[in-house]
Amino acid sequence: MSEAKESTETAAEGAGQGYLEVDDLHAGYGDVRVLHGVSLRVGRGDICAILGPNGAGKTTLLRALCGMIRGRGAVRLDGSPLPARSPDAVARRGVAHVPEGRGTFMPLTVEENLRLGAYARRNRAEVQADMERVYGYFPVLKERFKQEAGSLSGGEQQMLAIGRALMSRPRLLLLDEPSLGLAPLVVRELFGIVQSINQEERTTVVVVEQNAHLALGIAGQAHVLESGRIVLSGSAAEIKADEQVAQSYLGYRI
Ligand SMILES: Nc1ncnc2c1ncn2[C@@H]1O[C@H](COP(=O)(O)OP(=O)(O)O)[C@@H](O)[C@H]1O
Ligand SMILES: [Mg+2]
């Protein structure tokens, strides 16, 4: 891909874009059907939380959105369909996926991991500037830039995973359970940073979380997924306010 085309597709138009439309999405693994017709919209620059119990299909939904698994139905970003089953092509369209368990490369240093996030980009000055931008959000990564990712704390590894995703200048950021296994204080810091990134870069964010309280704290809208179907949608404030709904759908108090 040429430099000019790339900057058209990601950097230049990236700001303020990232309108996601999902229509009647069915997806699964071989014969195992997991999603049974999921439809949702996420506005440009919004944060959308996907909540729901274990096994509901939240991870599968993100995998279908980023092209890791084949889906049936329509997924459009800024009006044009995302390529099916081609994670590379989806990434080039400006979708960055931070998977469950982070997926950082443990033997590589912090800086090497960040550079991998920009592997498709050739403009070294821009990549360097973005590295500084990431260090601005996550100063601890700058302090540890020569350290192996495997030697970082869980929270720092999650920051690195998000930082690496930012290196592709995404217009849509997909986060899968970023709070998993982290101490409450670290999680609050992390969610605060995700909110800053969303506000400053206008990156659209879809965040899957078991920690409903936290996710609803930063999200504008939320959907509850149960057995592969959306059973409840609304503004985060509405869902947060409805305790009965929260108890019956989420199984615990928000
Ligand atoms: N690689 C896979 N192969 C087959 N089934 C899978 C695979 N990954 C997940 N599943 C199944 O899909 C369903 C939804 O899982 P998942 O999307 O991981 O749920 P959640 O993220 O909401 O906990 C579960 O029944 C799970 O067992
Ligand atoms: Mg999951």
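Indexing begins at 1, ligand by ligand and atom by atom, following the structure's order. The figures here come from the full heavy-atom set of this structure, side chains too, leaving out hydrogens, waters and symmetry mates.
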Closer than 4.0 angstrom: is that true for some heavy atom of [X] and an atom of ligand 1?
X	answer
Glu177	no
Gly30	no
Gly57	yes

Under 3.5 Å donor-acceptor, [X] side chain and [Y] backbone:
X	Y	value
Ser39	Asp24	yes
Gln147	Val110	no
Lys58	Gly52	yes
Arg93	Ser80	yes
Gln158	Ser179	no
Ser168	Arg164	no

What's the shortest distance from [atom] to any protein heavy atom, and which residue and atom give it?
atom	result
atom 5 (N) of ligand 1	Tyr29 CD1, 3.4 Å
atom 12 (O) of ligand 1	Val34 CG2, 3.3 Å
atom 18 (O) of ligand 1	Thr59 CB, 3.6 Å

Under 6.0 Å from the CZ atom of Arg70, do we count more than 12 heavy atoms belonging to anything else shown? no

Report, as yes or no, whether the 6.0 Å neighbourhood of atom CZ on Arg41 holds more than 12 heavy atoms from other residues, nucleotides or ligands. yes

Would you tell me which option among Arg33, Arg63, Lys58 has the nearest heavy-atom contact to atom 22 (O) of ligand 1? Lys58

If only side-chain N and O atoms count, and only distance matters, is there a donor-acceptor pair under 3.5 Å linking Asn211 with His213? no

Listed as residue and atom, the protein N/O/S atoms under 2.8 Å from the Mg ion (ligand 2) are Thr59 OG1, Glu100 OE2

Note: Asp176-Arg63 ion pair, threshold 4.0 Å (strictly below): no

Looking at Lys142 and Glu132, does any basic side-chain N land under 4.0 Å from a carboxylate oxygen? yes

Check ligand 1 against Pro53 and write out every atom of the ligand that is under 4.0 Å from a heavy-atom position of the residue. 22 (O)

Under 4.0 Å from a heavy atom of Thr60: which atoms of ligand 1 are those, numbered in the order shown and with their elements? 14 (C), 15 (O), 16 (P), 17 (O)

Polar contact flag for Gly55 and ligand 1 (N/O pairs, less than 3.5 Å): yes

Below 4.0 angstrom, counting only protein heavy atoms, does anything approach atom 16 (P) of ligand 1? yes

Measure from atom 26 (C) of ligand 1 to the protein's non-hydrogen atoms and state whether any distance is below 4.0 Å. no

For the atom pair SG (Cys66) and CG (Leu82), what is the distance rounded to the nearest 0.5 Å? 10.0 Å

What do we get for Asn54 next to ligand 1 when only non-hydrogen atoms under 4.0 Å count, side chain, backbone, both or neither? both

